[in-house]
Number of protein chains: 2
Amino acid sequence: MPADRGRPPAPPTISEVAAEAGVGRATAARTLGGYGYVSPELKERVLAAAEKLGYRANALARSMSTGVSHTLGVVVADIGNPFFAGMVRGICDASRARGFDTIVLSTYEDLDEEIAATGVLIDKRVDGVIIASAAVGRDEVTHIRTALKQGVPVVLVDRAVGSLDLDTVVIDNRDVAREAVETLIAAGHRRIGFVWGPPVAQAPATRRALLAAAARNVWTDGERLRGYLDALDDAGVPFDPELVMVGPKTEEHATEEVGRMLALPHRATALFCTETDAMTGALRAMRARKLSYPGDLSLIGFDDSAWAAVMDPPLTMIEQPVRRLGAKAAEVLLDSLEGAEPRRETHTLQARLVVRSSVAPPPAR
Amino acid sequence: MPADRGRPPAPPTISEVAAEAGVGRATAARTLGGYGYVSPELKERVLAAAEKLGYRANALARSMSTGVSHTLGVVVADIGNPFFAGMVRGICDASRARGFDTIVLSTYEDLDEEIAATGVLIDKRVDGVIIASAAVGRDEVTHIRTALKQGVPVVLVDRAVGSLDLDTVVIDNRDVAREAVETLIAAGHRRIGFVWGPPVAQAPATRRALLAAAARNVWTDGERLRGYLDALDDAGVPFDPELVMVGPKTEEHATEEVGRMLALPHRATALFCTETDAMTGALRAMRARKLSYPGDLSLIGFDDSAWAAVMDPPLTMIEQPVRRLGAKAAEVLLDSLEGAEPRRETHTLQARLVVRSSVAPPPAR
DNA sequence: CTGTTAGCGCTTTCAG
DNA sequence: CTGAAAGCGCTAACAG
């Protein structure tokens with residue numbers, strides 16, 4: 001009567017190893033856990049027994065008694081998005097190097113999902129949490145405050161949250177955005193479209209209203225908008241609300257909005273696209289009108305990729321240090337787990353404008 | 001003497017809730033855990049007490065006694081790669097919908113990393129594991145056998161492993177590859193380059209040697225090569241080892257290899273690229289030689305994206321149902337966790353050839 | 001229907 | 001230096 005295919009044999013416990021080695025449970029635990037003193041001979045016997053039985057520590061049980069799970073929680077908008085995927089890779093690599101695994105949850109920009117995700121992570125007793133939060137107002141961060149209150153350190157990544165004084169790792173969105181727009185202005189453009197604005201139904205008529213709308217949405221978008229405005233102001237280029245995209249943030253809608261900007265009596269001659277899909281949407285709108293770049297329209301976009309480099313002509317793009325962004329966040333968190341006083345400061349990483357060939361002077365009238 | 005900023009107060013336990021409600025621990029556990037019978041009145045009191053104390057169950061402790069962690073483990077080559085990121089998103093969404101979270105580990109195609117990752121997951125007592133394995137030979141799957149032996153169900157995703165009789169979810173790589181190459185042949189091509197072959201140093205001289213080399217590497221690559229060969233055979237187009245790329249699988253090397261194929265006395269007139277970077281590498285090689293598609297060279301590649309659609313002309317690409325791939329794997333695994341007899345079968349999802357404008361007849365001599 | 005009791009597997013005092 | 005014993009927070013028999 002061989003193999004009883006039913007319940008596989010329960011994995012060996014530390015007690016069994018101790019028994020096999022003929023020592024006390026504590027002694028086995030000490031050698032296997034690598035703490036406390038054990039005489040070489042006993043240690044040897046325990047190790048042999050463990051080896052023989054194929055012993056592997058039950059991480060759950062260990063976490064139960066130590067209160068440490070060696071697991072980090074990560075909350076992002078969408079793990080399927082290449083930007084977050086790259087960032088998560090940075091987080092995983094950095095934490096893995098220090099003995100931590102990660103459990104990542106996507107929220108799809110839904111605050112309730114974010115709250116639920118944070119709760120799940122706390123329940124699973126992660127040692128710390130890294131969040132790219134969709135929260136903006138003071139009243140939208142109670143889940144983060146709760147985590148903190150329960151002793152779970154949190155570091156913010158990619159998106160700062162004004163009302164929270166926490167370690168935060170972001171990219172200098174505003175500065176690169178300004179640099180990009182300055183590049184466009186330097187080439188002679190004064191009608192520069194901003195593609196991927198706040199998802200409001202109606203275009204805010206004033207800068208103030210626009211900024212207010214942006215303040216209620218994703219932090220990075222607002223910063224990029226500010227950088228755009230900074231460059232305009234510095235150069236004395238008038239701001240025109242008709243040149244900023246509003247509405248749903250989808251490739252399709254970007255195509256429509258760019259179409260609109262291209263149909264304006266005094267049309268856009270350059271576009272600053274703040275997201276990959278904004279750029280591809282813009283490209284579609286151009287194709288539909290048989291317009292080409294940089295002749296008819298100059299282009300600069302966010303998030304460089306291999307594709308942008310092989311476009312014809314190659315696209316001038318902003319490259320974000322995605323991996324480092326994640327790695328830095330993990331390191332800051334891990335440092336604070338290892339006792340370093342949390343500095344509660346903002347770490348800003350620099351993005352880089354990769355100049356290629358999608359910018360030229362505006363077409364002569 | 002206000003807030004003692006040191007140790008935050010330990011979160012309330014079920015015993016405290018029970019005490020607060022003036023009932024036994026078990027009663028509190030039953031209502032909070034949602035099992036067994038509890039009278040409405042007591043239930044009410046427990047709920048109130050839990051609410052008041054801000055009670056949240058400790059998932060670790062729960063897992064300890066139930067032996068179920070409601071966590072799935074995922075092992076992929078690289079979470080930062082858009083293909084795997086999309087697949088992981090499918091896995092996460094599907095498992096989240098059924099109450100499971102996931103912890104994902106990247107191996108970077110290193111078998112030792114894969115073995116270590118699997119071990120970590122088992123130690124953390126995940127309820128099941130989904131692996132896109134780099135293993136090929138019988139002797140490379142002992143870690144998977146070990147998991148199975150310990151009662152941890154495993155499903156294979158994206159890559160089948162011949163020596164393992166397990167539930168497997170893959171895409172019909174061979175069929176679409178054949179379809180793509182047939183499309184090229186139908187347009188009149190007979191000199192079709194295969195970009196991204198097995199990473200061997202020297203080009204295998206014979207088909208047999210080539211296939212053998214492929215069999216020792218990533219499963220999907222081998223399948224795509226077979227599809228390529230299938231199409232050639234069906235059409236009676238002779239196989240030429242000079243038309244298959246060998247060496248490291250990097251964009252740079254793809255550029256070199258395509259350059260070589262383009263310099264052949266009887267040069268390639270079409271390319272079948274089995275990976276995104278193979279395509280961008282090919283595009284770079286073409287640019288360097290001022291060649292354009294589809295006039296000088298026809299192109300078909302794997303892994304469609306928004307970029308491929310906005311290239312000029314738009315690229316004919318193979319679209320893989322990445323999310324569904326992951327979702328299906330999660331479902332199969334979850335089903336078996338819920339007791340369904342594992343079917344140990346292979347589920348094949350269909351990829352789709354998205355015909356655009358990168359294929360034309362070969363240039364006249 | 002409810003409370004008591006005994007673990008899950010490991011760490012951690014605390015004597016010896 | 002080693003072993004016995006208590007306990008982490010929860011579930012699960014088992015009486016009552």
Side-chain angles (χ1 to χ4, degrees), chain A residues 7-47 49-50 53-71 122-127 150-151, chain B residues 7-47 49-50 53-71 122-127 150-151:
Chain A
R7 291 278 131 266
T13 73
I14 210 164
S15 306
E16 303 180 46
V17 174
E20 173 76 28
V23 303
R25 209 213 321 292
T27 303
R30 273 189 285 260
T31 92
L32 264 9
Y35 55 92
Y37 287 100
V38 178
S39 69
E41 21 208 344
L42 286 196
K43 182 175 288 185
E44 192 55 38
R45 277 186 12 223
V46 172
L47 257 17
L53 267 36
Y55 172 80
R56 303 215 72 187
N58 178 332
L60 244 38
R62 181 169 286 176
S63 299
M64 268 257 59
S65 39
T66 59
V68 176
S69 64
H70 283 275
T71 304
I122 294 178
D123 292 350
K124 293 214 171 174
R125 293 302 187 267
V126 296
D127 297 327
Q150 309 212 134
Chain B
R7 291 276 131 267
T13 73
I14 211 165
S15 305
E16 303 181 44
V17 173
E20 173 75 29
V23 303
R25 206 204 341 278
T27 303
R30 274 189 284 260
T31 94
L32 264 10
Y35 57 95
Y37 287 99
V38 178
S39 70
E41 22 209 345
L42 286 196
K43 183 175 287 185
E44 192 55 38
R45 281 193 359 229
V46 172
L47 257 18
L53 267 36
Y55 172 79
R56 305 216 72 189
N58 179 332
L60 242 39
R62 182 170 285 174
S63 299
M64 269 255 61
S65 38
T66 59
V68 175
S69 63
H70 283 274
T71 304
I122 294 178
D123 291 350
K124 294 213 173 177
R125 293 302 187 268
V126 296
D127 297 325
Q150 308 211 134

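Nothing here was measured: the structure is a model prediction, and the numbers come from that model. Below, chain A is the first sequence line, B the second, and so on; all start at residue 1. As a basis for the values below, the full set of heavy atoms in this structure was taken, side chains included, without hydrogen atoms, waters or symmetry mates.
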**Student:** Is there a side chain to side chain contact (heavy atoms under 4.5 Å, CB included) between A:Leu32 and A:Val46 once you walk through the steps?
**Tutor:** CA-CA 8 Å; A:Leu32 264 9; A:Val46 172; 4.0 Å; yes

**Student:** A:Met64 has an atom CE; how far is it from atom P of D:dC10, in whole Å?
**Tutor:**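 Computing the A:Met64:CE to D:dC10:P distance gives 8 Å.
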
**Student:** Expressed as a whole number of angstroms, how long is the span from B:Leu53:CG to D:dG9:P?
**Tutor:**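 Whole-Å distance recorded here is 14 Å.
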
**Student:** Would you kindly give the CZ-to-P distance between A:Arg56 and C:dG9, to the nearest whole Å?
**Tutor:**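 Interatomic distance, CZ of A:Arg56 to P of C:dG9: 16 Å.
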
**Student:** Nearest whole Å is fine: how far is D:dT2 P from A:Glu41 CD?
**Tutor:**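 After rounding, the gap between these two atoms is 8 Å.
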
**Student:** For B:Lys124 and A:Thr71, which I'm curious about, is there any donor-acceptor pair between the side chains at under 3.5 Å?
**Tutor:**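 Result is yes, a qualifying pair exists.
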
**Student:** Whole angstrom is fine here: how far is it from NZ in A:Lys124 over to P in D:dG9?
**Tutor:**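 Going from NZ in A:Lys124 over to P in D:dG9 covers 19 Å.
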
**Student:** Enter the inter-axis angle for the ends of the helix from C:dC1-D:dG16 to C:dG16-D:dC1 (five pairs per end, rounded to 10°).
**Tutor:**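 Axis-to-axis angle, ends of the helix: 40°.
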
**Student:** What heavy-atom pair brings A:Tyr55 and A:Thr13 nearest, and what distance separates the two atoms?
**Tutor:**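 Of all heavy-atom pairs spanning A:Tyr55 and A:Thr13, the closest is CE1-C, 3.7 Å.
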
**Student:** Scan nucleotides 11-16 of chain C nucleotide by nucleotide, 5' to 3', and note B when protein non-hydrogen atoms come under 4.0 Å of the base, S if they reach only the sugar-phosphate, - if neither.
**Tutor:** BB----

**Student:** Is the side chain of B:Arg45 donor-acceptor paired with the backbone N or O of B:Ala21 at a distance under 3.5 Å, no angle test?
**Tutor:**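 Checked: pair present.
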
**Student:** OP1 or OP2 of C:dT2 versus the side-chain N and O atoms of B:Thr27: is any pair under 4.0 Å?
**Tutor:**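 Result: no.
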
**Student:** Can you measure A:Arg125 atom CZ to C:dC10 atom C1' for me and round it to whole angstrom units?
**Tutor:**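 Interatomic distance, CZ of A:Arg125 to C1' of C:dC10: 17 Å.
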
**Student:** Looking at every heavy atom in both A:Leu60 and B:Ser63, which two are closest together, and how far apart are they?
**Tutor:**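 Result for this residue pair: CD2-CB, 3.6 Å.
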
**Student:** Looking at A:Lys43 and A:Val38, what are the two nearest heavy atoms and their distance?
**Tutor:**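 So the minimum-distance heavy-atom pair works out to N-CG1, 3.7 Å.
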
**Student:** What is the distance, to the nearest angstrom, from the CG atom on B:Leu60 to the C1' atom on D:dT11?
**Tutor:**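 It works out to 14 Å between those atoms.
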
**Student:** Nearest heavy-atom pair of B:Ala18 and B:Gly24: which atoms, and what distance?
**Tutor:**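 Residues B:Ala18 and B:Gly24, closest heavy atoms: CB-O, 3.7 Å.
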
**Student:** Nearest 0.5 angstrom please: B:Asn58 CG to A:Met64 CE, how far?
**Tutor:**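 It is 5.0 Å, given to the nearest 0.5 Å.
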
**Student:** In whole Å, I'd like the distance from the CG atom of B:Asn58 to the P atom of D:dG7.
**Tutor:**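 It is 18 Å, rounded to the nearest whole Å.
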
**Student:** Out of curiosity, B:Leu42 CG to B:Glu44 CD, how far, rounded to the nearest 0.5 Å?
**Tutor:**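 That separation rounds to 10.5 Å.
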
